[in-house]
Amino acid sequence: QVQLVESGGGLVQPGGSLRLSCAASGSIFSIYAMGWYRQAPGKQRELVAIISSGGSTNYADSVKGRFTISRDNAKNTVYLQMNSLKPEDTAVYYCRVISTTVWGQGTQVTVSS
């Protein structure tokens, strides 16, 4: 069973940057598509970005041009680089193994002055 652990969240001012990491246990990480999701208070969880096993990426319209998803299969890790952060990006961010019920525990991102 693959397990996921996110890190890198925190408090940042508007316009700032953060990089989230999601480390996966298990030797078969490279065959899975991975996704970053977020859930703001009172809102449904939404897909932010997805990366295929081959490295193809897709993004929610709200983060295109600001966020970049990447993966390092040698380190069993997927990243989310977040630039030009806005207050509306405030949420708990989760990574997930796509098409499975495997989720990380989440990491809080707060964008505020």
Side-chain angles (χ1 to χ4, degrees):
Q1 177 77 359
V2 176
Q3 292 183 321
L4 304 175
V5 178
E6 299 102 334
S7 60
L11 173 64
V12 63
Q13 292 186 341
S17 298
L18 283 174
R19 189 176 82 154
L20 306 183
S21 299
C22 173
S25 64
S27 60
I28 55 174
F29 169 81
S30 63
I31 71 172
Y32 289 108
M34 298 292 297
W36 283 100
Y37 293 72
R38 66 186 181 187
Q39 188 166 18
K43 295 188 176 181
Q44 290 189 332
R45 192 170 296 188
E46 62 174 353
L47 177 63
V48 173
I50 187 169
I51 186 166
S52 72
S53 58
S56 299
T57 59
N58 276 292
Y59 299 91
D61 288 344
S62 59
V63 307
K64 279 181 182 176
R66 300 189 298 121
F67 290 12
T68 302
I69 188 171
S70 61
R71 65 191 300 161
D72 185 337
N73 290 337
K75 295 183 178 180
N76 282 2
T77 302
V78 62
Y79 303 98
L80 186 67
Q81 178 67 44
M82 305 185 294
N83 299 328
S84 302
L85 283 160
K86 305 175 181 180
E88 51 264 43
D89 294 318
T90 295
V92 178
Y93 284 71
Y94 301 88
C95 62
R96 179 194 178 195
V97 181
I98 298 300
S99 300
T100 77
T101 58
V102 180
W103 292 83
Q105 83 286 354
T107 185
Q108 176 71 46
V109 172
T110 302
V111 185
S112 175
S113 55

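Since we're looking at a predicted model, the values are computed, not measured. Position 1 is the first residue of the sequence; numbering continues from there.
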Side-chain contact, heavy-atom cut-off 4.5 Å: Y79 with R19? yes

Roughly how far apart are I69 CD1 and C95 SG, rounded to 0.5 Å? 9.0 Å

In this structure, CG of L80 is separated from OG of S70 (nearest 0.5 Å) by 8.5 Å

Please assess L85 against Q13 for the test side-chain contact (heavy atoms from CB on, under 4.5 Å), listing each intermediate value before the final yes or no. CA-CA 8 Å; L85 283 160; Q13 292 186 341; over 6 Å; no

Could you tell me whether the side chain of L11 reaches within less than 4.5 Å of the side chain of S112, counting heavy atoms only? yes

Are any non-hydrogen side-chain atoms of R38 and S62 less than 4.5 angstrom apart? yes

In the hydrophobic clustering (ILVMFWY, side-chain contacts below 4.5 Å, transitive), which residues join L47, or is it alone? Y37, I50, V92, Y94, I98, W103

Heavy-atom closest pair, residues S52 and A33: CA-CB, 3.9 Å

Over 12 foreign heavy atoms within 6.0 Å of CD, Q44: no

If you take all heavy atoms of E6 and Y93, which pair is closest and at what distance? OE2-O, 3.9 Å

Going through the distances and angles, do Y59 and R66 end up as a side-chain contact (heavy atoms from CB on, under 4.5 Å)? CA-CA 10 Å; Y59 299 91; R66 300 189 298 121; over 6 Å; no

Could you give the distance from CZ (R71) to SG (C22), rounded to the nearest 0.5 Å? 10.0 Å

Can you tell me which residue pairs pass the disulfide (SG to SG under 2.5 Å) test with a partner in residues 37-74, sequence neighbours excluded? none

With sequence neighbours left out, what residues match K43 under salt bridge (charged side-chain N to carboxylate O under 4.0 Å, His left out)? none

Looking only at heavy atoms, which two atoms of A40 and T90 are closest? And how far apart? CB-O, 3.6 Å

So do L4 and M34 actually touch side chain to side chain, heavy atoms under 4.5 Å? yes

Minimum side-chain heavy-atom gap F67-D89 below 4.5 Å: yes

Does any part of the side chain of M82, heavy atoms only, come nearer than 4.5 Å to the side chain of V48, both counted from C-beta? no

Nearest heavy-atom neighbours spanning T77 and K75: OG1-O, 2.8 Å

To check you understand the geometry: which heavy-atom pair defines the closest contact between S17 and N83, and what is its length? OG-OD1, 2.9 Å

Could you check whether atom CD of Q3 has more than 12 heavy atoms from other residues, nucleotides or ligands sitting under 6.0 Å from it? no

So OG of S56 and CG of N58: to nearest 0.5 Å the spacing works out to 8.0 Å

Are the side chains of L20 and V109 in touch, meaning some heavy atoms are under 4.5 Å apart? yes

